[in-house]
Trainee: 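Provided herewith is a single structure, encoded as structure tokens, for subsequent inquiry.
Keep in mind that the numbers below use all heavy atoms, side chains included, and drop hydrogens, waters and symmetry copies. It should be emphasised that the depicted structure is a prediction, and the values quoted were computed from it without experimental measurement.
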Amino acid sequence: MAGFGGKIKSYIMSLSYQERRKKKLEHYRQELVRLQGMEEDELHFEYISLKSEYEHRKSIVAISLFFILLSVFRDVWGYFFSFMEKLIQYAVSGQDNGAGTAKIVFVVFAVIVASITVIVFLILIAHTKRMRELNKSLMMVEEVRRRSIR
């Protein structure tokens with residue numbers, strides 16, 4: 001039973017800040033050794049690759065945010081809900097059970113709107129996390145390049 005308690009304790013400790021920091025520091029040291037072992041041309045290639053991917057991601061996030069802001073200012077959701085309102089009115093006027101149909105149409109469109117919104121924000125979050133990782137890697141490569149020049 002002490003082994004099981006020790007496993008639980010080690011699992012809980014792995015969630016703590018100190019343990020996560022230790023793991024990140026160990027990963028940093030391993031990556032630093034890997035980068036220091038590279039030849040100058042390979043290190044330069046690594047720098048250029050990381051820099052170009054970082055700039056590409058930054059452009060994607062900037063363009064995505066621009067289109068999101070543009071859609072907010074252009075009231076795209078207003079047009080969407082206006083279309084939904086007309087669709088519900090059409091469904092209500094055409095059948096005896098129009099209220100039930102209107103509820104179903106509303107729920108379907110609400111789910112679609114929520115899904116699109118969540119997917120867009122998840123994609124943006126994933127891109128920004130990757131940008132953060134790329135920025136860390138870029139800073140490490142720059143540090144190794146700076147040390148090798150000395």
Trainee: For V141 versus E46, what's the shortest heavy-atom pair and its separation?
Mentor: CG2-CG, 4.0 Å
Trainee: Measuring from atom OG of S49 to atom NE2 of H44, what distance do you get when rounded to the nearest 0.5 angstrom?
Mentor: 10.0 Å
Trainee: Could you give the distance from CD (Q36) to CZ (R29), rounded to the nearest 0.5 Å?
Mentor: 12.0 Å
Trainee: With a cut-off of 6.0 Å (strictly less than), are more than 12 heavy atoms of other residues, nucleotides or ligands near CZ of R132?
Mentor: no
Trainee: Rounded at 0.5 Å granularity, tell me how far CZ in F66 sits from OG in S59.
Mentor: 14.0 Å
Trainee: So does Q30 have more than 12 non-hydrogen atoms from other groups sitting under 6.0 Å from CD?
Mentor: yes
Trainee: Looking at every heavy atom in both M140 and L32, which two are closest together, and how far apart are they?
Mentor: CE-N, 3.7 Å
Trainee: Taking only Lys NZ, Arg NE, NH1 and NH2, and the carboxylate oxygens of Asp or Glu, determine whether K129 and E133 approach each other closer than 4.0 Å.
Mentor: no
Trainee: Which atoms form the tightest heavy-atom contact between R145 and L43, and what is the distance?
Mentor: CG-CD2, 3.5 Å
Trainee: In terms of hydrophobic clusters joined by side-chain contacts under 4.5 Å, are I60 and L65 together?
Mentor: no
Trainee: Between atom CZ of R146 and atom CE of M139, what is the distance when rounded to the nearest 0.5 Å?
Mentor: 8.5 Å
Trainee: To the nearest 0.5 Å, tell me how far M131 CE sits from E53 CD.
Mentor: 11.0 Å
Trainee: Determine whether L138 and I48 fall in the same hydrophobic cluster, where Ile, Leu, Val, Met, Phe, Trp and Tyr are linked whenever their side-chain heavy atoms lie under 4.5 Å apart.
Mentor: yes
Trainee: Determine, using the 4.5 Å side-chain heavy-atom cutoff (strictly less than), whether I116 and V108 are members of one ILVMFWY cluster.
Mentor: yes
Trainee: Do L35 and Y28 belong together in a cluster built from hydrophobic side chains that touch within less than 4.5 Å?
Mentor: yes
Trainee: Thinking salt bridges, do E26 and K22 make one under a 4.0 Å N-O criterion?
Mentor: no
Trainee: Are N135 and L50 packed together at the side-chain level, in the sense that at least one heavy-atom pair is separated by less than 4.5 angstrom?
Mentor: no
Trainee: Is there a path of hydrophobic side-chain contacts, each under 4.5 Å between heavy atoms of I/L/V/M/F/W/Y residues, joining L70 to I63?
Mentor: yes
Trainee: State the CD-OG distance between E143 and S148, to the nearest 0.5 angstrom.
Mentor: 10.0 Å
